[in-house]
Amino acid sequence: CQELVKKEGTYSAPLIQFINYIAEEAEKFCPGIQIRTFAYLYSIEPPKTFKPRKNVIIHLAMLGKEFGGHGHADTMRPVNHPNNKQALEIIKKWNNHAANLAIWDYWKLFGLDASRCPPYINTDAIIHNIKYYSTINVSSIFVECETPASTSFFGLKRYLGFRLMNNPALDAEKEKTDFFKGMYGKAAPVMLEYFDFLNKEQQKESAPLGEISPAQRTYLNIAFFDRVFDLFDRALSMADNARIKANIERELVPVYAGFFIRSQKLDLKSAKRKYDVNKMLDKYIELATAAVKYYYPPKDVKGNYNKL
């Protein structure tokens with residue numbers, strides 16, 4: 001095995017050699033069968049010479065930068081972003097090497113962002129990547145998109161993902177607008193303003209978000225929170241029923257979390273709003289509890305609430 005690794009320059013070599021043998025033997029008894037294996041961690045790079053059989057699917061899973069040396073991707077940005085130069089090169093290598101690819105993608109951050117998340121989004125990445133994957137040898141996409149009660153625009157990510165996976169040619173902006181109208185009613189324009197503002201401010205962090213501790217993300221400054229809380233005040237004043245109000249309030253959970261994560265670095269003296277931290281904490285607990293109850297069955301509420 002080590003001789004093969006040395007010759008081919010990667011630990012994927014003995015793995016694929018073994019999988020090719022299984023795929024060849026299995027095909028004798030079950031014509032048309034496909035065998036799936038992972039390009040992940042030590043097997044992330046393809047071999048120099050020999051290739052997977054045509055009935056082998058390479059499931060490519062590139063961890064985000066928050067995983068240190070094991071991470072290859074800035075999962076919050078499209079694969080054509082400069083931060084993803086290495087990740088895109090790996091995808092292109094495998095696309096030239098394998099007849100069948102599958103993608104294991106990550107639509108959230110892990111590490112310090114695993115549960116108590118500040119506001120961030122990756123819809124630009126979702127839209128671009130799905131459209132790009134549809135142009136190469138990718139046949140399926142699996143996504144990790146957990147912690148719905150604490151991440152921003154969880155519903156939007158899943159909606160766009162579902163729609164574009166079924167039809168990558170769809171107009172993503174129209175799909176996004178349709179989602180906001182259905183989710184937020186008359187408050188849709190204000191929630192879109194918040195979405196666009198968050199996306200713009202988040203891009204000010206040039207490094208991958210996964211490499212930056214939530215407490216160190218400078219876009220989460222007092223000017224950011226002044227504007228965001230004003231936008232939510234406007235949106236909530238436009239909610240004309242309890243469902244719309246609850247949909248808006250769920251997006252406040254990561255905003256409150258971000259405020260408390262960054263609280264020691266916020267210049268409250270320069271704030272344009274008055275911040276009663278005790279009342280805000282009570283409100284955060286109230287909204288986080290409601291969000292957990294909305295997303296999880298009763299038996300799982302306590303365990304997921306304790307993560308917030």
Side-chain angles (χ1 to χ4, degrees), residues 2 4-16 19 36-52 56-114 120-145 157 161 164-165 168 199 202-214 216-219:
Q2 288 303 315
L4 187 59
V5 170
K6 185 176 181 180
K7 177 183 176 182
E8 295 290 333
T10 174
Y11 281 92
S12 68
L15 172 64
I16 292 177
I19 295 298
R36 184 182 303 246
T37 191
F38 277 96
Y40 179 63
L41 295 177
Y42 298 107
S43 62
I44 197 71
E45 292 278 358
K48 292 178 181 178
T49 60
F50 67 86
K51 299 181 178 182
V56 171
I57 299 172
I58 300 297
H59 206 152
L60 181 56
M62 288 185 290
L63 290 172
K65 293 289 189 176
E66 62 267 33
F67 288 93
H70 294 302
H72 295 85
D74 180 350
T75 55
M76 297 297 104
R77 289 187 168 103
V79 292
N80 66 341
H81 188 276
N83 286 1
N84 280 319
K85 181 180 179 180
Q86 181 189 22
L88 185 58
E89 287 176 353
I90 291 171
I91 293 171
K92 288 180 176 179
K93 287 179 187 177
W94 277 112
N95 189 57
N96 292 330
H97 216 70
N100 303 295
L101 291 180
I103 296 292
W104 186 301
D105 218 340
Y106 302 91
W107 291 357
K108 70 172 296 276
L109 292 170
F110 294 84
L112 294 173
D113 289 276
Y120 66 81
I121 50 177
N122 70 324
T123 50
D124 287 351
I126 292 171
I127 294 166
H128 172 86
N129 292 355
I130 292 176
K131 289 180 178 290
Y132 171 67
Y133 295 146
S134 73
T135 68
I136 60 175
N137 296 336
V138 172
S139 59
S140 66
I141 303 172
F142 176 87
V143 174
E144 287 194 48
C145 186
K157 291 189 289 185
L164 291 173
M165 284 183 198
N199 196 23
Q202 179 182 314
Q203 301 310 315
K204 292 180 179 179
E205 303 285 5
S206 58
L209 279 190
E211 291 183 341
I212 309 170
S213 163
Q216 303 300 323
R217 292 176 194 161
T218 55
Y219 73 92

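Just the heavy atoms: all of them, side chains too, but no hydrogens, waters or symmetry mates, feed the values below.
Contact of the Y133 side chain with the L60 side chain is not registered, since no non-hydrogen atoms from C-beta on lie closer than 4.5 Å. Side-chain contact between K157 and V143 is absent, with no heavy-atom pair separated by less than 4.5 Å.
Here the straight-line distance linking atom OG of S206 with atom CD of E211 works out to 10.0 Å at 0.5 Å rounding. Within the model, atoms CD1 of I57 and CD1 of I19 stand 11.5 Å from one another, a figure rounded to the nearest 0.5 Å. Atom CG of N122 and atom CG of D105 lie 8.0 Å apart (nearest 0.5 Å).
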With a 3.5 Å cut-off and sequence neighbours excluded, list the donor-acceptor pairs that the side chains of residues 62-74 form with protein atoms.
residue	atom	partner	partner atom	Å
E66	OE2	F110	N	3.0
H72	ND1	H70	O	3.3
D74	OD1	M76	N	3.3
D74	OD2	R77	NH1	2.9
D74	OD2	N83	ND2	2.9

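Aromatic rings of W104 and Y40 (six-membered ring for Trp) have centroids beyond the 6.0 Å cut-off, not under it.
A pairwise comparison of heavy atoms in A98 and I58 identifies CB-CG1, 3.9 Å as the closest pair. Minimum heavy-atom separation, A61 to F38: CB-CD2, 4.4 Å. In terms of heavy-atom proximity, L164 sits nearest to I130 at O-CG2, 3.6 Å. When all heavy atoms are compared, the tightest approach of Q202 to Y120 is OE1-CA, 3.2 Å. Minimum interatomic distance between L209 and R217 (heavy atoms only, all atoms of both residues): O-NH2, 3.0 Å. Residues K108 and C145 approach most closely at CD-C, 4.4 Å, considering heavy atoms.
Every residue two or more places apart in sequence or in another chain that forms a side-chain hydrogen bond (donor to acceptor under 3.5 Å, both in side chains) with T10 is listed here: S12. Not a single ring-ring contact (aromatic ring centres under 6.0 Å, His included) links Y11 to another residue, sequence neighbours left out. K92 pairs by the salt bridge (Lys or Arg N to Asp or Glu O under 4.0 Å) definition with nothing, not counting sequence neighbours. W94 meets the side-chain hydrogen bond (donor to acceptor under 3.5 Å, both in side chains) test with no other residue; sequence neighbours excluded. For E45, the salt bridge (Lys or Arg N to Asp or Glu O under 4.0 Å) partners at least two apart in sequence or on another chain are K93.
Remark: of the listed residues N84, I90, L88, I90 is the sole one forming a side chain to side chain contact (heavy atoms under 4.5 Å, CB included) with Q86.
Here the side chain of N137 pairs no donor or acceptor atom with the backbone of L101 at under 3.5 angstrom.
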